[in-house]
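Atoms considered below: every heavy atom in the structure, side chains included; atoms not considered: hydrogens, waters and symmetry mates.
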Amino acid sequence: MLLRLPTSLTEAQNCMAEGAVPIGGATLVWALWQRDGFPEQAMSLRSLPEATVLEHEALGAAVLLHRIDDRVPEVLRGAASTVGTGAVRRTATVGGNIVGSTLRCLLPAALVLDTRATALDRDGVFETDLAEVVAKRHLLLSLRWRTPRASGYHKAPAEAGGPPPLVVATAVHAEEDGRRRVRVAVRDGYEVIGGSAECTAGTDETLRALESTDLGSLPPEIGDVMRREVSGVLVRAADG
């Protein structure tokens with residue numbers, strides 16, 4: 001297998017046109033390749049500047065999870081720090097987790113940040129939403145968002161090899177008109193459910209507004225966790 005390391009978008013497009021298979025840390029495909037055979041060419045974005053950015057409002061798809069630090073919001077940092085083991089986090093990439101994984105531990109965090117995705121295909125670079133990236137398995141270059149007032153990430157304890165643990169991601173954003181909005185994403189099993197509501201005068205009113213969205217269909221025990229997490233992020237947003 002030939003591993004190609006493009007250093008420009010043009011090179012990356014050429015690799016795609018020539019059939020190179022995109023990989024990150026290969027943590028999710030190596031065992032399959034050992035079983036089914038390796039591709040002739042693979043492509044890593046780790047030498048591509050657009051895919052290695054790590055800033056307050058941008059994160060490249062080729063960034064290793066263990067490198068994600070306090071330059072990004074708490075919700076995204078919390079998500080990255082709980083993926084797999086330390087050895088996995090030193091190899092796995094942002095793009096591999098969001099596009100290549102069935103668990104997509106970073107997806108709820110990215111959703112509550114109202115993230116936009118920059119992707120690449122044979123026609124060039126384009127911006128889209130995360131739903132399209134996941135559904136069509138685009139080649140992700142980077143994520144971009146606006147810094148929230150406050151955010152939080154909860155992942156329930158779970159045994160290795162068991163069902164996917166519950167994840168609740170939250171973030172409060174300042175809108176252009178001066179109002180605040182809380183966004184919530186819950187991973188229940190393999191499904192991610194999201195919703196948002198304007199932050200009204202009281203926590204109870206905001207929670208009732210959230211429960212009128214798809215989040216209201218959650219089982220009672222999960223709803224309790226969501227309400228606790230939302231209450232906490234609203235307090236932090238008010239103090240910030």
Side-chain angles (χ1 to χ4, degrees), residues 1-33 38-73 75-111 113 115-145 147 153:
M1 181 180 71
L2 173 65
L3 177 62
R4 304 181 67 173
L5 300 168
T7 59
S8 70
L9 294 174
T10 299
E11 284 185 56
Q13 284 180 279
N14 290 338
C15 291
M16 294 177 69
E18 293 168 13
V21 177
I23 61 168
T27 57
L28 298 171
V29 296
W30 195 261
L32 294 177
W33 287 348
F38 287 78
E40 292 184 5
Q41 298 184 65
M43 172 178 65
S44 169
L45 302 182
R46 67 189 184 203
S47 298
L48 186 66
E50 291 84 352
T52 54
V53 61
L54 177 53
E55 300 173 353
H56 287 292
E57 296 188 337
L59 182 61
V63 173
L64 300 178
L65 300 187
H66 83 103
R67 293 190 56 232
I68 297 176
D69 55 24
D70 58 6
R71 282 172 284 185
V72 306
V75 63
L76 200 52
R77 188 167 69 250
S81 69
T82 61
V83 173
T85 63
V88 168
R89 292 190 292 274
R90 288 190 291 273
T91 306
T93 62
V94 171
N97 184 271
I98 290 179
V99 181
S101 170
T102 56
L103 293 176
R104 300 188 176 97
C105 297
L106 299 186
L107 182 59
L111 287 173
L113 292 176
T115 296
R116 295 291 292 174
T118 302
L120 178 69
D121 63 16
R122 296 184 182 185
D123 296 323
V125 176
F126 62 98
E127 186 179 281
T128 186
D129 58 38
L130 288 170
E132 180 174 324
V133 168
V134 171
K136 297 185 178 180
R137 299 179 67 85
H138 289 309
L139 178 58
L140 182 65
L141 291 177
S142 63
L143 307 173
R144 295 186 180 273
W145 59 85
T147 301
Y153 185 84

L65 and V94, any side-chain heavy atoms less than 4.5 Å apart: yes
Side chain to side chain, H138 and D121, heavy atoms closer than 4.5 Å: no
Where the side chain of R4 meets the backbone of M43, is there a donor-acceptor pair that is under 3.5 Å apart? no
Would the distance check show the side chain of H56 and the main-chain N or O of V72 forming a donor-acceptor pair, the cut-off being under 3.5 Å? no
Is the shortest heavy-atom distance from the side chain of L143 to the side chain of L130 under 4.5 Å? yes
Just wondering, more than 12 heavy atoms not from E132 lying within 6.0 Å of its CD? yes
Shortest non-hydrogen contact between F126 and T128, atoms and distance: CE1-CG2, 4.0 Å
Contact check, side chains of L120 and M16, non-hydrogen atoms, under 4.5 Å: yes
On a heavy-atom basis, which atom in G95 and which in L140 lie closest, and how many Å separate them? CA-CD2, 4.0 Å
Quick one: CG on L54 to OG on S142, what's the gap to the nearest 0.5 Å? 12.0 Å
What heavy-atom pair brings L106 and A79 nearest, and what distance separates the two atoms? CD2-CB, 3.6 Å
Any idea which heavy atoms bring C105 and Y153 closest together, and the distance? O-OH, 3.4 Å
Does R46 use its side chain to pair, donor to acceptor, with the backbone of T52 at less than 3.5 Å? no
Any side-chain heavy-atom pair from L45 and L139 closer than 4.5 angstrom? yes
What distance do T115 atom OG1 and E57 atom CD have between them, rounded to the nearest 0.5 Å? 10.5 Å
As an exercise, state the distance from OG1 of T91 to NE2 of H66, rounded to the nearest 0.5 Å. 8.0 Å
Sub-3.5 Å donor-acceptor pair from the side chain of S101 to the main-chain atoms of I98, do we have one? no
Exercise: identify the closest heavy-atom pair between R89 and T82: NH1-C, 4.3 Å
Test item: V83 and L103 side chains (from C-beta on) under 4.5 Å apart, heavy atoms: no
Checking the side chain of E50 only, and the main-chain atoms of L9 only, is there a donor and an acceptor separated by less than 3.5 Å? no
Measuring only between side-chain heavy atoms, which start at C-beta, is L59 closer than 4.5 Å to V53? no
Salt bridge or not for E127 and R144, using N-O below 4.0 Å? no
Separation between CD of Q41 and CG of L2, rounded to the nearest 0.5 Å: 5.5 Å
Correct closest heavy-atom pair for S81 and G78 would be OG-O, 3.0 Å
